[in-house]
Amino acid sequence: MKRILIVGAGGQIGSELTTYLRKTYGGANVVATDMRECPALGEDGPFEILNACDAEAVASAVSRHKIDAIFNLVALLSAVGEQNPQKAWAINMGALNNALEVARQYNCALFTPSSIGAFGPTSPKDKTPQDTIMQPTTIYGVCKVTGELLSNYYYTRFGVDTRSVRFPGLISNVTLPGGGTTDYAVEIYYEAIKSGKFTCPIPENVYMDMMYMPDALRACVELMEADPSKLVHRNSFNVTAMSFTPETIYAEIKKRMPDFTMDYNVDPVKKAISESWPNSIDDTCAREEWGWKPEWDLSSMTDDMLEHIRRKFASENK
Ligand code: AKB
C-alpha cells in the first residue's frame, strides 16, 4: 500500500486507523474521507467530505489522489440497523458496492471489516470455526455475509485484491462507537470514571468476543500487507482477542475501583442480537495464514482504558 483512501474515517475505527496509517505510510499518502466535517482528521493529512454511496464521487477521489488501497469503513451497526433495515442495507451495501467497483476499475486493494455479526443462532456457539453455517438474524449480519460473498466474487471473477476480518466488539477510548450491540463494553469504562455506576443493556451471562483497538488496527495492516500466496481465505478471517460477559468486565473494573456498581436494564433488541452471536470464535486460520496474534487481554486493556479515560476527563475539566 502506498496511497490509501479511507472511506467513513470519522467513525470508531477510522478515527484511529487514519492516524495509525499516517504514521506508517506518511500523512500526505492517507486521504481520510467522511460524510461530515472531521477537523481532527485534517490535521496531519488530507481530508475530504465524501458520500460513500455516490459512485462518481468515490471514483473521483480514487483517481485524483492516485489511490492503490481503499479501506471501506462505512456501516450502520447491528442495533441501530434494526431501527431501519432498508436504510442499513442501502448504506452498508451501497458503500461496499461502490468500493468494489472503483477498486476493480482503478486496480486498488480493498479492505472491508466484517463482524462476528455475520454469524447467527445456527452457527456453532463455542469456538465458532472459520468456515461454518452463517445465517444471521440481523440486517447488519445479512449485509456482512453478503459483503463477504461479494468481495470473494470480485476476487475470483475480476482479480480484485479484497481482504477482510470478522471483527468482534472493538473497545477504544478515542471515538465512541454508535449503534452496536457490543458498545456496552466501551460505555462501562466511561461510566465507571464519570459516575461510578453503570446500567448494562446486555444480560449478565452473555459472552461475546472483544478486542482492544490497538490490536484491531494492527490486524488491518498486517492482513493488507500479508503475502497473498499464503492466503487460503480472504473474506473474511475470524479474529479475536478475548471473550467475556458483562459480569466479567464489571469484576475486572471493580478490582481497580471497589466502589463501582452495576445494575441491569436489558434492552430486548440487544438481548436478542447478543444471544444470537457466538460465545467465542476460533481464529486459527488468521494465525496460520498471516500470523495474527492479539497483544491485549482484558486485564491489560482495563488498565489502559481507565488510565486514558481518566486523563481525558481530567483535561476536559481543567
Ligand atoms: C456491533 O455490535 O454491531 C459491532 C460488531 C460486533 O460488529 N460492534
Side-chain angles (χ1 to χ4, degrees), residues 11-13 15-16 77-83 115-117 119 121 125-126 128 137-138 140-141 167-216 240-281 294-317:
Q12 190 201 13
I13 304 177
S15 56
E16 291 191 57
L77 296 183
S78 55
V80 78
E82 291 312 301
Q83 289 165 16
S115 162
I116 52 169
F119 296 112
K125 200 85 186 140
D126 297 300
T128 309
T137 47
T138 61
Y140 177 67
F167 273 136
L170 297 181
I171 298 172
S172 66
N173 52 58
V174 175
T175 305
L176 285 169
T181 305
T182 58
D183 293 6
Y184 91 90
V186 177
E187 290 156 1
I188 191 170
Y189 288 111
Y190 278 85
E191 285 306 321
I193 301 288
K194 211 160 64 181
S195 64
K197 54 181 198 292
F198 178 61
T199 299
C200 184
I202 303 293
E204 60 182 349
N205 55 354
V206 171
Y207 279 89
M208 284 186 278
D209 282 283
M210 303 280 175
M211 182 183 293
Y212 199 28
M213 189 59 88
D215 274 337
T240 187
M242 58 193 101
S243 166
F244 55 73
T245 66
E247 285 296 311
T248 333
I249 186 171
Y250 168 59
E252 200 63 34
I253 297 173
K254 206 170 164 66
K255 269 190 222 165
R256 293 152 178 86
M257 302 178 67
D259 294 337
F260 178 48
T261 60
M262 181 167 86
D263 59 8
Y264 289 87
N265 182 10
V266 171
D267 175 323
V269 174
K270 290 187 178 179
K271 176 179 189 293
I273 297 173
S274 61
E275 288 175 346
S276 77
W277 288 356
N279 290 336
S280 65
I281 60 172
E295 289 175 357
W296 294 82
D297 62 13
L298 179 58
S299 173
S300 54
M301 176 181 78
T302 299
D303 286 335
D304 204 59
M305 280 293 283
L306 292 176
E307 190 194 318
H308 275 89
I309 297 168
R310 251 190 216 110
R311 267 198 255 141
K312 203 174 185 168
F313 281 132
S315 71
E316 276 170 14
N317 294 330

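A 6.0 Å sphere centred on NZ of K125 holds more than 12 heavy atoms belonging to other residues, nucleotides or ligands.
Residues T137 and P121 have side chains in contact (heavy-atom distance under 4.5 Å, counting atoms from C-beta outward). Inter-residue side-chain proximity for K255 and T302 is flagged as unmet; no heavy-atom pair is nearer than 4.5 Å. Looking at V174 and M213, their side chains never come closer than 4.5 Å, going by heavy atoms from C-beta outward. Annotation: side chain of P168 is not in contact with side chain of M208 (no heavy-atom distance under 4.5 Å). Under the 4.5 Å side-chain criterion, counting only non-hydrogen atoms from C-beta, E247 is not in contact with C200. Looking at heavy atoms from C-beta onward, M301 lies in side-chain contact with M242 at the 4.5 angstrom threshold. In this structure the side chain of M210 never reaches within 4.5 angstrom of the side chain of I249, judged on heavy atoms.
With hydrogens and angles left out, the side-chain atoms of S300 and D297 include a donor and acceptor closer than 3.5 Å. Remark: the D263 side chain and the T199 side chain contain an N/O donor-acceptor pair separated by less than 3.5 Å.
For the atom pair CD of Q12 and CG of D183, the computed distance is 7.0 Å after rounding to the nearest 0.5 Å. The CE atom of M257 sits 11.5 Å away from atom OH of Y189, with the distance rounded to the nearest 0.5 Å. Rounded to the nearest 0.5 Å, atoms CG (N205) and CD (E275) are 7.0 Å apart. To the nearest 0.5 angstrom, L306 atom CG is 9.0 Å from F260 atom CZ. Once rounded to the nearest 0.5 Å, the distance linking CG of D303 with CD1 of I253 reads 11.0 Å. Considering CD1 of I273 and CG of D267, their distance stands at 8.0 Å, rounded to 0.5 Å.
Looking at D215, its side chain does come within 3.5 Å of a backbone N or O of W296 through a donor-acceptor pair. Of the possible donor and acceptor atoms, none in the side chain of T138 sits under 3.5 Å from a partner among the backbone N and O of S78. Counting only distance, with no hydrogens or angles, the side chain of S172 and the backbone of Y212 share no donor-acceptor pair below 3.5 Å. One N or O on the side chain of K312 and one on the backbone of N173 form a donor-acceptor pair closer than 3.5 Å. A side-chain donor-acceptor contact under 3.5 Å links D209 to the backbone of I281.
Centroid-to-centroid, the aromatic rings of Y190 and F198 stay 6.0 Å apart or farther.
Between R310 and E307 there is no salt bridge, since none of the side-chain N atoms of the basic residue sits less than 4.0 Å from a carboxylate O of the acidic one.
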Kindly indicate, with the supporting measurements, whether the criterion side-chain hydrogen bond (donor to acceptor under 3.5 Å, both in side chains) is fulfilled by S243 and S280. CA-CA 6 Å; S243 166; S280 65; 5.4 Å; no

Give the intermediate values and the outcome of side-chain contact (heavy atoms from CB on, under 4.5 Å) for residues F167 and I13. CA-CA 11 Å; F167 273 136; I13 304 177; 4.1 Å; yes

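Heavy atoms only, all atoms of each residue included: G178 and L77 are closest at O-CD1, 3.4 Å. The minimum heavy-atom distance between D259 and K254, with the atom names listed, is C-NZ, 4.5 Å. The shortest heavy-atom contact between A241 and P294 is CB-CB, 3.6 Å. Heavy atoms only, all atoms of each residue included: T128 and P278 are closest at OG1-CB, 3.1 Å.
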